[in-house]
Amino acid sequence: MTPGVTVIRAKGICDPDTGAMAGNGLAVEEGKIRERGWFEEMISRYPGAELLDYPDEYVLPGLINTHVHLEFTPDTEICRMFCRETKEERLEKAFRHAREMLFSGVTTVRDLGSSMETAEGLRKMGQRSDSGLPGLHLSGMPLTEKEGHLAFLGEAADSREELLLAVKQRKEAGCDCIKIIVSGGQNTPGSLPERDAYDRERIRLVTEAAHREKLPVAAHCLTATAFMNCMEAGVDNIEHCSCFVRKQPENLLARVWDQEKMEKYQGDERLFMIGFSNNYHRLDEVREGRRSPAWQERFWLEQEKREAEIFNRLRRLGLRPVIGTDGGCGQTYFHETWLELALLVERCGLSEQEAIWAATVAGAEALGLSGKAGRLTEGYDADLITVRENPFRQIRALAKVEHVMRAGEVIR
Ligand SMILES: [Zn+2]
């Protein structure tokens, strides 16, 4: 008898490193992968083990979404909604959103900006073994200037002393990373996305302080200058990379690749995300051909192409994409991480394997979980999902997840 071991039979075990199937069986023990291989050989080694029989399904590592805001509500004015709710309501909502993500196949979630109270509440819930939550990585409140983007979440930090104190407080509060706002944002009244926030010296100060505490740094970065500041200051993950400039006379935000600033970073392998699924749904009717686009919508459609070009230029430099959706902002829903992968394939020309690699192996690296999550080999966390179609052939197979296992526990 081998009590405590669960053996899974599948149609194939997807290997994100090769884009091929690596066997059809997995043995899971105490929340970890004990063995990957061929079910027919494996089963005899574990007599009496529990069997999970998914002979018509493909197994792959659970997805990792590196950028969401769990306490925000999609389809609302975020700041107004935030200020209206009590902290209990926000925590309850964040919990529900995290559950929704896990149910949709995301086994590890990084929240890059919620209030400190919500982060603390989520951390406490996540520590319980029966929490039913995905693995959570939490930045707590982002570091932002007074009246800067997301300053409504709590206490802002301007001076060097305030910034150092903010990093220290987050370390003491158990945060897993530091988020810093280095340009304006679209969801904060009065904030201008095309304007830079902290200068390079202060970004470096934060990055060095965070690294001394062994915390990675992710930066909200919407302009080319902010991108350059982050790269120079040693930021680990660059978020959005929008390259916004304000276009007149329409007063719209346009994405412009700044050759001189961006191409200095040829050969840099840093991790970045764009978030193509953010605001995707505002063009649903146009995309589905139910009506022709208004002038502003034509502009947005054009910008989607520019966004894909920027993504591919960054990749050509050497930067590596991870999956982040900015869930909670705009019309970006928590159960749609799969859409981000689909858009990387359909809009940017990534192979299915490259998109899955970004959502697993690279995502784990961004969160400091290399060797622990993102693959289904011996010793890794038993975080996995199953789908009916081969996701290396059809990325949209991920829209319909059949089963979810998190740390060896069957969630769905
Ligand atoms: Zn965000």
Side-chain angles (χ1 to χ4, degrees), residues 4-8 10 13-23 25-37 42 59-67 101-102 105-112 123 126-127 129 131 133-139 171 174-178 210-218 234-238 268-273 318-324 337 341 353-386 391-392 404-409 411:
V5 174
T6 301
V7 177
I8 300 172
I13 310 294
C14 301
D15 181 355
D17 291 301
T18 62
M21 297 301 150
L26 282 176
V28 170
E29 186 179 28
E30 290 181 356
K32 305 269 182 205
I33 305 295
R34 176 160 162 171
E35 187 183 348
R36 178 180 76 183
M42 198 182 279
V59 173
L60 68 157
L63 305 181
I64 298 173
N65 188 330
T66 65
H67 188 143
M101 292 189 77
L102 180 59
V106 183
T107 50
T108 305
V109 174
R110 180 163 71 175
D111 183 295
L112 277 187
R123 185 170 304 107
Q127 280 162 355
S129 61
S131 69
L133 286 170
L136 291 175
H137 272 232
L138 307 163
S139 73
K171 176 66 182 179
C175 293
D176 303 285
C177 59
I178 295 292
H211 287 171
R212 280 195 296 276
E213 304 285 7
K214 307 260 181 295
L215 297 173
V217 178
V235 167
D236 304 285
N237 305 161
I238 321 287
D268 198 295
E269 296 186 345
R270 243 167 290 192
L271 299 167
F272 75 102
M273 63 73 83
L319 280 84
R320 295 167 303 147
V322 295
I323 295 295
T337 299
L341 282 84
Q353 181 251 331
E354 287 169 327
I356 290 170
W357 195 86
T360 54
V361 180
E365 185 184 330
L367 273 53
L369 294 174
S370 294
K372 198 169 157 21
R375 290 187 172 100
L376 294 176
T377 50
E378 194 190 325
Y380 278 66
D381 289 347
D383 291 352
L384 57 88
I385 59 178
T386 75
F392 290 140
V404 177
M405 177 183 276
R406 155 74 189 145
E409 188 198 340
I411 301 292

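Of the inter-residue distances, the one linking Glu354 atom CD with Arg320 atom CZ reads 13.0 Å to the nearest 0.5 angstrom. Residue Arg270 holds its CZ atom at 7.5 Å from CG of Leu319, rounded to the nearest 0.5 Å. In this structure, NE2 in His211 is found 3.5 Å from CG in Asp236, a value given to the nearest 0.5 Å. How far CG of Leu341 is from CG of Asn65: 9.5 Å, rounded to the nearest 0.5 Å. Taken to the nearest 0.5 Å, the CG atom of Asp111 stands 12.0 Å off from the NE2 atom of His137. Atom CG in Leu367 sits 8.0 Å away from atom CG in Asn237 (nearest 0.5 Å).
When all heavy atoms are compared, the tightest approach of Phe392 to Cys14 is CE1-CB, 3.5 Å. The heavy-atom pair separating Ser139 from Cys175 by the smallest distance is O-SG, 3.5 Å. For Leu271 against Ala362, the heavy-atom pair with the smallest separation is CD1-O, 4.0 Å. Between Ala358 and Pro321 the shortest heavy-atom distance is CB-O, 3.3 Å. Of all non-hydrogen atoms in Val217 and Ala210, the two that sit nearest each other are CG2-CB, 3.5 Å. Annotation for Val322 and Gly363: closest pair CG1-N, 4.0 Å, computed over non-hydrogen atoms.
You'll find the side chain of Pro61 reaches within 4.5 Å of the side chain of Leu376, heavy atoms only. Annotation: side chain of Pro16 is not in contact with side chain of Gln353 (no heavy-atom distance under 4.5 Å). Looking only at side-chain heavy atoms (C-beta outward), Val404 and Thr107 come within less than 4.5 Å of each other. Looking at heavy atoms from C-beta onward, Leu60 lies out of side-chain contact with Thr360 at the 4.5 angstrom threshold. Between Ile8 and Met405 the shortest side-chain heavy-atom distance falls below 4.5 Å. Looking at heavy atoms from C-beta onward, Cys177 lies in side-chain contact with Leu112 at the 4.5 angstrom threshold.
In this structure, the side chain of Asp176 engages the main chain of Leu138 through a donor-acceptor pair within 3.5 Å. Judged by distance alone, the side chain of Asp383 and the main-chain N or O of Ala407 form a donor-acceptor pair under 3.5 Å.
Other residues, nucleotides and ligands contribute over 12 non-hydrogen atoms within 6.0 Å of the NZ atom of Lys32. Within 6.0 Å of the CD atom in Glu213, the count of heavy atoms belonging to other residues, nucleotides or ligands exceeds 12.
Each of Leu63, Thr337, Thr66 was scored for a side-chain contact (heavy atoms from CB on, under 4.5 Å) with Ile323, with one residue passing: Thr337. Exactly one residue among Met42, Glu35, Arg36 makes a side-chain contact (heavy atoms from CB on, under 4.5 Å) with Leu26. That residue is Arg36.
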